Amino acid sequence: MEHYSPSQFGKLSDCPQQYAYRYVHKLHEGTKESLVFGTAVDEAVNSIHLAHMSSLPAKPEVFLYQSIEFSRATYGDDMEPEQWDAVDELAARCVEQEVFKEYEEMIDFKPRAIQHDMVLRIHGIDRRIIGITDLVAERKVFDQKEHYESALIVDVKTSARSMQQPSYRHRFQLAFYALAWMCMQGTDIIPQAEIRVLVKNKKMLWQVLPANLTENDLAHVIEVARNHDRMVKANHYPINRDSKFCSKKNCSYFDRCHEDHAGRLADTLAQCVRG
């Protein structure tokens with residue numbers, strides 16, 4: 001059975017036509033520098049978490065470069081040579097500035113599961129909603145030792161600039177993970193949740209941004225899921241020309257979409273009552 005995901009929710013809100021091309025028509029979307037580098041950082045950090053769970057030495061730089069090479073072999077034609085050079089330059093700076101050593105020194109939790117499937121089922125929605133969080137961990141709070149009291153959900157991100165707080169998209173994603181975790185574990189205690197962001201400045205730095213999720217954040221997940229399900233069942237995917245993602249830079253389907261929806265006068269008038 002097909003499922004929904006937080007990424008699908010985000011794509012539909014950006015532009016329903018982008019969603020239709022990617023998830024309905026199954027067209028290849030291509031890749032970007034930020035996605036290749038972000039995936040590589042995820043793999044490197046996952047290796048650190050795994051090493052903490054197994055008491056083995058971590059070699060995050062190896063996973064960083066392996067991930068980039070895999071992306072190059074798989075999606076090489078999606079980006080220009082200078083874009084791949086930019087990814088290689090970012091990776092070299094990671095190693096030179098020892099960002100993964102810094103991440104290890106920031107670990108104040110006990111990793112329990114990496115790349116953990118979070119599955120949410122909602123009454124009235126046939127499809128499951130599935131997302132994968134980077135880490136489920138434990139952290140003591142006020143000396144409490146119960147498992148659910150100390151549950152912590154962590155997602156690792158990269159960003160071109162410093163952030164004061166998690167973005168709407170990041171906060172929503174964490175709220176989904178938290179709600180799914182609560183339902184899977186049968187607890188009514190909202191877990192801690194945070195993003196750890198590698199800021200790609202000239203001098204790279206890590207930021208730890210707690211989400212401090214509320215009951216309203218969890219309720220919003222349900223509202224978004226139901227609205228998404230209604231649009232999909234209605235097969236309604238209008239083009240969002242006002243979206244900031246509606247540009248050649250931000251949409252892999254820009255040319256095709258604007259040709260498919262060229263706004264021919266005869267077609268427009270045919271839909272109107274005239275006279």
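FYI, side chains are in, hydrogens and waters are out, and symmetry mates aren't considered; it's all heavy atoms of this structure. Predicted, not measured: the structure shown is a model, and the values here were computed from it.
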Inset, instruction - Evaluate the side-chain hydrogen bond (donor to acceptor under 3.5 Å, both in side chains) criterion for residues Gln173 and Tyr177: first the C-alpha distance (whole Å), next the side-chain angles of each, then the deciding distance (0.1 Å), finally the verdict. - result: CA-CA 6 Å; Gln173 192 174 31; Tyr177 294 148; 3.1 Å; yes

Legend entry - Verdict with reasoning, Val45 to Asp134, per side-chain contact (heavy atoms from CB on, under 4.5 Å): CA-CA 9 Å; Val45 170; Asp134 289 327; over 6 Å; no

Legend entry - Worked check of side-chain hydrogen bond (donor to acceptor under 3.5 Å, both in side chains) between Thr39 and Asp42: CA-CA 5 Å; Thr39 298; Asp42 272 348; 5.6 Å; no

Legend entry - Candidate pair Val221 and Leu120, rule side-chain contact (heavy atoms from CB on, under 4.5 Å), full reasoning: CA-CA 10 Å; Val221 172; Leu120 179 64; 4.2 Å; yes

Inset, instruction - Start with the C-alpha distance between Ile153 and Met118, add both sets of side-chain angles, then the distance that settles side-chain contact (heavy atoms from CB on, under 4.5 Å), and finish with yes or no. - result: CA-CA 11 Å; Ile153 294 169; Met118 296 294 197; 4.1 Å; yes

Inset, instruction - Start with the C-alpha distance between Glu104 and His52, add both sets of side-chain angles, then the distance that settles side-chain contact (heavy atoms from CB on, under 4.5 Å), and finish with yes or no. - result: CA-CA 9 Å; Glu104 287 192 73; His52 272 256; 4.1 Å; yes

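Within the 4.5 Å cutoff, the side chain of Phe100 has heavy atoms near those of the Leu64 side chain. Within the 4.5 Å cutoff, side-chain heavy atoms of Cys257 are placed close to those of Ile239. Side-chain contact between Tyr253 and Glu29: present, with at least one pair of heavy atoms (C-beta onward) separated by less than 4.5 Å. A heavy-atom distance below 4.5 Å is not found between the side chains of Phe245 and Asn240. Counting heavy atoms from C-beta on, the side chains of Ile222 and Leu179 come closer than 4.5 Å.
As a member of the Ile/Leu/Val/Met/Phe/Trp/Tyr network built from side-chain separations under 4.5 Å, Leu265 groups with Leu269.
Judged as a side chain to side chain donor-acceptor pair (under 3.5 Å), and not counting sequence neighbours, Glu102 has no contacts. Scanning for side chain to side chain contact (heavy atoms under 4.5 Å, CB included) contacts around Asn212 gives Pro210, with sequence neighbours left out. Residues passing the ring pair (Phe, Tyr, Trp, His ring centres under 6.0 Å) test with Tyr168 are His220, sequence neighbours excluded. Annotation: side chain to side chain contact (heavy atoms under 4.5 Å, CB included) contacts of Glu80 (sequence neighbours excluded): Glu82, Gln83. In terms of the side chain to side chain donor-acceptor pair (under 3.5 Å) criterion, Lys200 has no residue partners (sequence neighbours excluded). Looking at residues two or more places apart in sequence or on another chain, you find a ring pair (Phe, Tyr, Trp, His ring centres under 6.0 Å) between Tyr103 and His49, Trp206. Partners of Arg196 by side chain to side chain donor-acceptor pair (under 3.5 Å), not counting sequence neighbours, listed by chain and number: Asp108, Glu194. For Tyr4, the ring pair (Phe, Tyr, Trp, His ring centres under 6.0 Å) partners at least two apart in sequence or on another chain are His228. With sequence neighbours excluded, no residue satisfies salt bridge (charged side-chain N to carboxylate O under 4.0 Å, His left out) with Asp85. Partners of His28 according to the ring pair (Phe, Tyr, Trp, His ring centres under 6.0 Å) rule, which considers only residues two or more places apart in sequence or in another chain, do not exist here. Residues satisfying the side chain to side chain contact (heavy atoms under 4.5 Å, CB included) criterion with Leu50, sequence neighbours excluded, are Ile114.
In this structure, Lys203 places its NZ atom where more than 12 heavy-atom neighbours from other residues, nucleotides or ligands lie under 6.0 Å away. Atom NZ of Lys233 sits in a crowded spot, with more than 12 heavy atoms from other residues, nucleotides or ligands closer than 6.0 Å. Phe63 CZ: 12 or fewer foreign heavy atoms inside a 6.0 Å radius. More than 12 heavy atoms of other residues, nucleotides or ligands sit less than 6.0 Å from atom CZ of Phe254. Other residues, nucleotides and ligands contribute over 12 non-hydrogen atoms within 6.0 Å of the CD atom of Glu105. Around CG of Asp77, the count of heavy atoms belonging to other residues, nucleotides or ligands within 6.0 Å does not exceed 12.
Atom CG of residue Asp78 and atom OG of residue Ser252 lie 8.0 Å apart, to the nearest 0.5 angstrom. Between atom CH2 of residue Trp84 and atom CD1 of residue Ile68 there is a gap of 8.5 Å, rounded to the nearest 0.5 Å.
Residues Arg161 and Ser159 come closest through the heavy atom pair O-OG, 2.7 Å. Shown here for Met163 and Ile195, the closest heavy-atom pair between the two residues is CE-CD1, 4.1 Å.
A distance-only check finds no donor-acceptor pair linking the side chain of Asp117 to the backbone of Ile130 [under 3.5 Å]. Listed for the Glu69 side chain is no donor-acceptor partner under 3.5 Å among the backbone atoms of Gln66.
No path of Ile, Leu, Val, Met, Phe, Trp and Tyr side chains, each step under 4.5 Å between heavy atoms, connects Phe9 with Leu35, placing them in separate hydrophobic clusters.
Salt-bridge formation is detected for the pair Glu2/Arg127: a Lys NZ or Arg NE/NH1/NH2 atom is positioned less than 4.0 Å from an Asp or Glu carboxylate oxygen. Between Arg72 and Asp88 there is a salt bridge, since a side-chain N of the basic residue sits under 4.0 Å from a carboxylate O of the acidic one.
The closest side-chain donor-acceptor pair between Arg241 and His258 falls under 3.5 angstrom.
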